[in-house]
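The block underneath contains the structure these notes are about, expressed in structure tokens.
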Amino acid sequence: MKNIILIGMPGAGKSTVGVLLAKSMAYDFCDTDLVIQKQQGRTLQEIIDSDGLDGFLKAEEDALLSVEVHNTVIATGGSAVFSEAGMSKLKENGVCVYLKVPTDELVRRLTNIKTRGIACKKGETVADILLERAPYYEKYADVTVECAEHAEDTVEMIIRDL
């Protein structure tokens, strides 16, 4: 079976849903944000603060290109879709699932936008970030799932739609 690649906004639940989905399907789990941190030896926010947005996106692309897994649920960072090379590599052996969450729910969930390590320009709001990224999420998605309130319900929808 192919990998399952989860894309979507920060706060969409990619890591939470990913772990539950991996358990449900007897798959491995990979969080590319953790791959970045391991490769860089710093938190996402530290990378953004010291290397800027472009430096972070380069580190993210390097991490995406380094992932070599099979039968794995891959939770990507919210900005992974900015790397055409990285997304193409992941999709070579995977199906891409966009976890779609309404803007107001993302705002409720993302109370730590300035310290969470989110790749965005200074002063951008959650709505601004979503507006910029949504076309990329839609471009790469093989399946789109409107996220439920509970992660377990979202997992059931993903399994059903795959």
Side-chain angles (χ1 to χ4, degrees), residues 2-23 27-101 103 105-141 147 151 154-155 158:
K2 291 184 167 206
N3 295 326
I4 300 168
I5 306 144
L6 302 179
I7 61 171
M9 281 288 287
K14 298 177 300 289
S15 297
T16 302
V17 167
V19 168
L20 295 172
L21 181 60
K23 286 181 179 182
Y27 267 36
D28 289 330
F29 176 74
C30 173
D31 186 323
T32 62
D33 281 348
L34 297 179
V35 174
I36 296 167
Q37 290 184 169
K38 183 170 183 166
Q39 288 177 351
Q40 295 290 315
R42 302 176 280 168
T43 67
L44 302 180
Q45 191 62 54
E46 288 169 342
I47 298 166
I48 292 168
D49 290 345
S50 64
D51 300 359
L53 184 55
D54 290 340
F56 174 81
L57 293 175
K58 171 71 171 105
E60 183 168 48
E61 181 170 83
D62 291 346
L64 295 173
L65 292 171
S66 75
V67 172
E68 293 287 343
V69 294
H70 301 285
N71 298 330
T72 300
V73 175
I74 302 168
T76 63
S79 55
V81 293
F82 291 138
S83 170
E84 188 169 339
M87 289 303 298
S88 294
K89 169 130 184 338
L90 291 179
K91 287 191 66 157
E92 284 174 6
N93 184 40
V95 59
C96 196
V97 178
Y98 171 23
L99 299 184
K100 190 172 184 177
V101 177
T103 306
E105 179 62 16
L106 289 170
V107 169
R108 188 186 70 74
R109 292 180 186 184
L110 291 173
T111 57
N112 57 347
I113 190 170
K114 291 180 174 49
T115 58
R116 184 174 167 154
I118 296 173
C120 62
K121 299 171 192 87
K122 289 198 186 310
E124 278 189 316
T125 65
V126 171
D128 295 332
I129 296 166
L130 179 58
L131 185 65
E132 180 182 22
R133 294 181 184 184
Y136 292 94
Y137 296 141
E138 291 165 8
K139 170 185 174 181
Y140 290 113
C147 290
T154 300
V155 168
I158 292 169

Heavy-atom pair with the smallest gap, counting every atom of [X] and [Y]:
X    : Y    : result
A59  : Q39  : O-OE1, 4.5 Å
A85  : L65  : O-CD2, 3.6 Å
G11  : L106 : C-CD2, 4.0 Å
A63  : I36  : CB-CG1, 3.5 Å
K121 : E124 : N-OE1, 2.8 Å
V35  : C30  : CG2-SG, 3.9 Å

(message) Between Y98 and Y140, is the ring centroid distance below 6.0 Å?
(response)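 No, they do not, as the ring centres are separated by 6.0 Å or more.
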When you measure from the side chain of [X] to the backbone of [Y], do you find a donor-acceptor pair of N or O atoms at a distance under 3.5 Å?
X    : Y    : value
T154 : C147 : no
N3   : N71  : yes
T72  : F29  : no
T125 : D128 : yes
Y137 : G78  : yes

(message) Test of understanding: with side-chain contact (heavy atoms from CB on, under 4.5 Å), list the residues that count as partners of T103, not counting sequence neighbours.
(response)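 V107, A127, L130.
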(request) Check side-chain contact (heavy atoms from CB on, under 4.5 Å) between T43 and all other residues, then give those that pass, not counting sequence neighbours. (result)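 Once residues adjacent in sequence are excluded, the partners of T43 under the side-chain contact (heavy atoms from CB on, under 4.5 Å) criterion are Q37, Q45, E46.
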(message) Using side chain to side chain contact (heavy atoms under 4.5 Å, CB included), reason through F56 and D51 one step at a time and then give a plain yes or no.
(response) CA-CA 6 Å; F56 174 81; D51 300 359; 5.9 Å; no
(message) The test is side chain to side chain contact (heavy atoms under 4.5 Å, CB included); show your working for M87 and K139 and say whether it passes.
(response) CA-CA 11 Å; M87 289 303 298; K139 170 185 174 181; over 6 Å; no
(request) Sort and list the pairs that fulfil salt bridge (charged side-chain N to carboxylate O under 4.0 Å, His left out) and have at least one residue in residues 59-76, not counting sequence neighbours. (result)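 Sorted result for residues 59-76: K58-D62, E68-K89.
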(message) Considering only residues two or more places apart or on different chains, which pairs with a residue in residues 76-88 satisfy salt bridge (charged side-chain N to carboxylate O under 4.0 Å, His left out)?
(response)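 Qualifying pairs: none.
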(message) L90 and side-chain contact (heavy atoms from CB on, under 4.5 Å): which single residue from L64, V69, I7 fits?
(response)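 Among L64, V69, I7, the one that satisfies the side-chain contact (heavy atoms from CB on, under 4.5 Å) with L90 is L64.
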Report all side-chain donor-acceptor pairs from residues 12-21 shorter than 3.5 Å, counting only partners two or more places apart or in another chain.
residue	atom	partner	partner atom	Å
K14	NZ	G8	O	2.9
K14	NZ	M9	O	2.8
S15	OG	D31	OD2	2.6

(message) Just so I know, are the side chains of F82 and E132 near enough to count as touching, which here means a heavy-atom distance under 4.5 Å?
(response)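 SC-SC contact between F82 and E132 confirmed.
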(request) Check whether any side-chain heavy atom of V81 lies under 4.5 Å from a side-chain heavy atom of T76, and answer yes or no. (result)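 No; the side chains remain at least 4.5 Å from each other.
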(message) The criterion is side chain to side chain donor-acceptor pair (under 3.5 Å); which residues satisfy it with E105, sequence neighbours excluded?
(response)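 If we apply the side chain to side chain donor-acceptor pair (under 3.5 Å) test to E105, skipping adjacent residues, the hits are R108, R109.
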